[in-house]
Amino acid sequence: MKRGTRREVERRLLRAPKSEQRDAAFRKAIRQIPRGKVATYGQVAAAAGYPLYHRHVAAMLRRSGGTLPWQRVVGSGGQIKLKYEAGLEQRTRLELEGVRFIGKRVDMAEHQHRFRVWEFD
DNA sequence: ATCCTGACCCAAG
DNA sequence: GCTTGGGCCAGGA
């Protein structure tokens, strides 16, 4: 993927619709979740600077194909929100990263990612 | 403008 | 553990 100078990126963002900026912020937050850790939709939204936009994180994830570690985003309490096969795949992917489950939920005490507070933009 | 929908969330019962 | 109802917000029809 082409990088672009910081200036170009900034200019593109200014021109972009608000929803694009939001999604970019979501993606940025999600990319910061390391292997073996997870964050909730709400935490991603808040970390990105958009509290109350948890549903939109899900919407963005749904559209965005493959480019993100989507399996690391779960529902509150560590619940997997995807249904059927997709849900199983997410669980499998997480377990492959070493994430342990307690029943149907991710062991959040052990695997929840804490976003650093100083990463605004 | 209205109505519906969603990989959500939370408090109740 | 459930199930329900309400709140939340933007996008699409």
Side-chain angles (χ1 to χ4, degrees):
Chain A
M1 181 203 287
K2 241 169 80 178
R3 295 290 298 166
T5 67
R6 183 186 181 85
R7 249 180 117 74
E8 290 167 334
V9 171
E10 285 171 355
R11 192 179 318 243
R12 183 166 50 68
L13 251 50
L14 286 176
R15 190 172 354 100
K18 275 210 255 174
S19 62
E20 279 301 326
Q21 298 194 35
R22 257 199 338 258
D23 289 348
F26 292 158
R27 287 190 289 267
K28 186 172 175 182
I30 290 170
R31 279 190 292 254
Q32 291 180 334
I33 308 171
R35 268 181 61 92
K37 294 287 185 177
V38 303
T40 69
Y41 297 92
Q43 289 163 354
V44 168
Y50 294 84
L52 306 190
Y53 279 71
H54 35 86
R55 307 186 80 142
H56 297 265
V57 172
M60 181 280 286
L61 242 24
R62 184 164 26 89
R63 285 173 316 215
S64 175
T67 51
L68 293 167
W70 58 270
Q71 69 273 24
R72 315 219 258 249
V73 184
V74 299
S76 74
Q79 279 257 40
I80 284 186
K81 305 300 281 190
L82 283 171
K83 295 178 179 180
Y84 319 119
E85 321 286 316
L88 289 185
E89 185 187 349
Q90 182 173 19
R91 176 165 184 148
T92 301
R93 278 170 167 261
L94 286 175
E95 286 175 335
L96 240 37
E97 295 187 357
V99 173
R100 285 210 313 278
F101 283 71
I102 300 177
K104 298 184 151 186
R105 305 142 82 330
V106 168
D107 180 351
M108 293 303 268
E110 184 65 22
H111 298 102
Q112 179 178 117
H113 171 62
R114 317 283 176 172
F115 286 101
R116 302 181 336 189
V117 283
W118 53 78
E119 40 189 289
F120 319 48
D121 250 8

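Naming: A, B, ... by sequence-line order, numbering from 1 per chain. Computed from heavy atoms alone, side chains included, the values below leave out hydrogens, waters and symmetry copies.
- A close approach under 4.0 Å does not occur between any side-chain nitrogen or oxygen of A:R63 and OP1 or OP2 of C:dA10.
- Using a 4.0 Å cut-off, some side-chain N or O of A:Y53 falls inside it from OP1 or OP2 of C:dA10.
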Exercise for the section: Decide yes or no on side-chain contact (heavy atoms from CB on, under 4.5 Å) for A:H56 and A:Y50, but give the supporting numbers first. Expected result: CA-CA 10 Å; A:H56 297 265; A:Y50 294 84; over 6 Å; no
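- Atom CG in A:L52 sits roughly 10 Å away from atom P in C:dA10 (whole-Å rounding).
- Taking atom NE2 on A:H56 and atom C1' on B:dT5, their separation rounds to 12 Å, with Å as the unit.
- Residues A:R93 and A:E97 are not paired through a salt bridge, judged by the lack of any N-O separation under 4.0 Å between the basic side chain and the carboxylate.
- The main-chain N or O of A:M60 is never found under 3.5 Å from a side-chain atom of A:S64 such that the two would form a donor-acceptor pair.
- To the nearest whole angstrom, the two C1' atoms, one in B:dA1 and one in C:dA13, are 13 Å apart.
- Judged purely by atom type and a 3.5 angstrom limit, A:K37 uses its side chain to pair as donor or acceptor with the backbone of A:E110.
- At least one donor-acceptor pair closer than 3.5 Å links the side chain of A:Q43 to the backbone N or O of A:T40.
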Fill in the blank from the handout: In B/S/- notation (B base, S sugar-phosphate only, - none; protein heavy atoms under 4.0 Å), nucleotides 7-13 of chain B written 5' to 3' is BBSS---
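- Comparing A:K104 and A:K18 against DNA chain C, the residue whose closest nucleotide sits nearer the 5' end is A:K104.
- Relative to the ring axis of A:F101, A:R91 places its NZ or CZ within 45° and under 6.0 Å from the centre.
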